[in-house]
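Below is one structure, written out as structure tokens; comments come after it.
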2 protein chains.
Amino acid sequence: MIDPACPDAIEPVLEILDGKWTLLLLRDLFNGIKRFGELRRSLHPISPKTLTDRLRMLEEKGIVTRTLYPGVPLHVEYELTERGQRLQPIFAAMRAWAQSEGTCPKKEASESLLLKQ
Amino acid sequence: MIDPACPDAIEPVLEILDGKWTLLLLRDLFNGIKRFGELRRSLHPISPKTLTDRLRMLEEKGIVTRTLYPGVPLHVEYELTERGQRLQPIFAAMRAWAQSEGTCPKKEASESLLLKQ
DNA sequence: CCGAATCCACTAAGATACTG
DNA sequence: CAGTATCTTAGTGGATTCGG
């Protein structure tokens, strides 16, 4: 939809980050494997349709993998691919900006968690 | 719209980056002061309404400033604020990802790259 | 439990024409 | 030149229900 003219290209990222919930969804996945229901509760009040839509889109673009464990009840896990993990610096930059603006009351523990990587 | 629950908060950024054209618009502004017409041509085929909407939104959020130079013909300049400039690392992270994916043909290197594989 | 399938509502964005 | 004023369109996202 966007012309992929090259220098300074950020268009590929824009395609992936498109959608109201995508970034929030990725934030959850950066913390590890998640099940559908977990994501749904965490992103509340997202609708199941929207969550499915976003997950499928991310799967198509090679950002997440979907693993089905057959059985009743169903068990499905979503996990970031390598490609998806590499998006984390973008997320980190956003968090850094948000904190530099002091928009957040600023819990001092939040940073030590970040340094774990 | 989005619950500003705090730890790992990226919501303030999401509010700013919202909209189909916002990031592309910011990319232009990172390169310096721009006039309305310049932005319009650069972002073609954006409509004037949309461009105005986005610029006003960014102004409201303290990301850009609008300076009117009276006279005929009209002359208006848009420039990033300090706060807006600090968004650049996010943009840089996106660009880095896009290039690491090799989504871009990479110009003259593409041929030799092809031969090596 | 994890979705698929509908249907609907909302709003960002586009087209177009016009003005200070 | 730099917008504003309308109107229309399209695409998400929400609500709900149902199935494997």
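Worth saying up front: this structure is predicted, and the values here are computed from it rather than measured. Throughout, a chain's letter reflects where its sequence line sits, starting with A, and its residues are numbered from 1.
- Atom OG1 of residue A:Thr50 and atom CG of residue A:Leu25 lie 11.0 Å apart, to the nearest 0.5 angstrom.
- Side-chain atoms of A:Trp97 come within 3.5 Å of backbone N or O of B:Arg83 as a donor-acceptor pair.
- When the nucleotides D:dT4, C:dG3, D:dA2 are ranked by their closest atom to the side chain of A:Thr52, C:dG3 comes out on top.
- Ring orientation note: the planes of B:His75 and B:Tyr69 are nearly perpendicular, at an angle over 60° on the 30°/60° scale.
- Tracing side-chain contacts under 4.5 Å through hydrophobic residues (I, L, V, M, F, W, Y), one never reaches B:Ile33 starting from B:Leu43; they form parts of separate clusters.
- A salt bridge links A:Arg86 to B:Glu101: one of the charged nitrogens lies within less than 4.0 Å of a carboxylate oxygen.
- In this structure a side-chain-to-backbone donor-acceptor pair under 3.5 Å is missing from B:Thr65 to B:Thr81.
- Using a 4.5 Å heavy-atom threshold, the side chains of A:Met94 and B:Leu17 count as touching.
- For the atom pair CE of A:Met57 and OG1 of A:Thr52, the computed distance is 13.0 Å after rounding to the nearest 0.5 Å.
- As rounded to whole Å, 13 Å separates atom P of D:dG13 from atom CG of A:Leu23.
- Taking atom NZ of B:Lys34 as the reference point, atom P of D:dC1 lies 16 Å away to the nearest angstrom.
- Remark: A:Glu15 engages A:Lys61 in a salt bridge, criterion side-chain N to carboxylate O under 4.0 Å.
- As a whole-Å value, the separation of A:Asp18 CG from D:dG11 P is 12 Å.
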Requested in this report: Evaluate salt bridge (charged side-chain N to carboxylate O under 4.0 Å, His left out) for B:Arg27 paired with A:Glu11, printing each intermediate quantity in order.
Outcome: CA-CA 11 Å; B:Arg27 172 173 63 182; A:Glu11 284 80 356; 3.0 Å; yes

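- Note on A:Phe36: it does not cluster hydrophobically with A:Val72, by side-chain heavy-atom contacts below 4.5 Å among ILVMFWY residues.
- Rounded to 10 degrees, the angle separating the terminal helix axes of the helix from C:dC1-D:dG20 to C:dG20-D:dC1, each built from five base pairs, is 50°.
- Rounded to whole angstrom, the span from the CG atom of B:Leu39 across to the P atom of D:dC1 amounts to 14 Å.
- Rounded to whole angstrom, the span from the CD atom of B:Glu15 across to the P atom of C:dT11 amounts to 15 Å.
- Distance B:Leu14 CG to C:dA12 C1': 17 Å, rounded to the nearest Å.
- Atom CZ in A:Arg41 sits about 13 Å away from atom P in C:dG3, given to the nearest Å.
- In this model, the phosphate group of D:dC1 is not approached by any side-chain N or O of B:Tyr78 to a distance below 4.0 Å at OP1 or OP2.
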Report task. Indicate for each nucleotide in nucleotides 14-20 of chain D, in 5' to 3' sequence, whether protein heavy atoms under 4.0 Å reach the base (B), only the sugar-phosphate (S), or nothing (-). Result -> BBB---B

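- Residues from residues 53-73 of chain A placing a heavy atom under 4.0 Å of any atom in DNA chain D, listed by number, are A:Arg54.
- Distance, B:Leu25 CG to C:dA13 P: 11 Å, rounded to whole Å.
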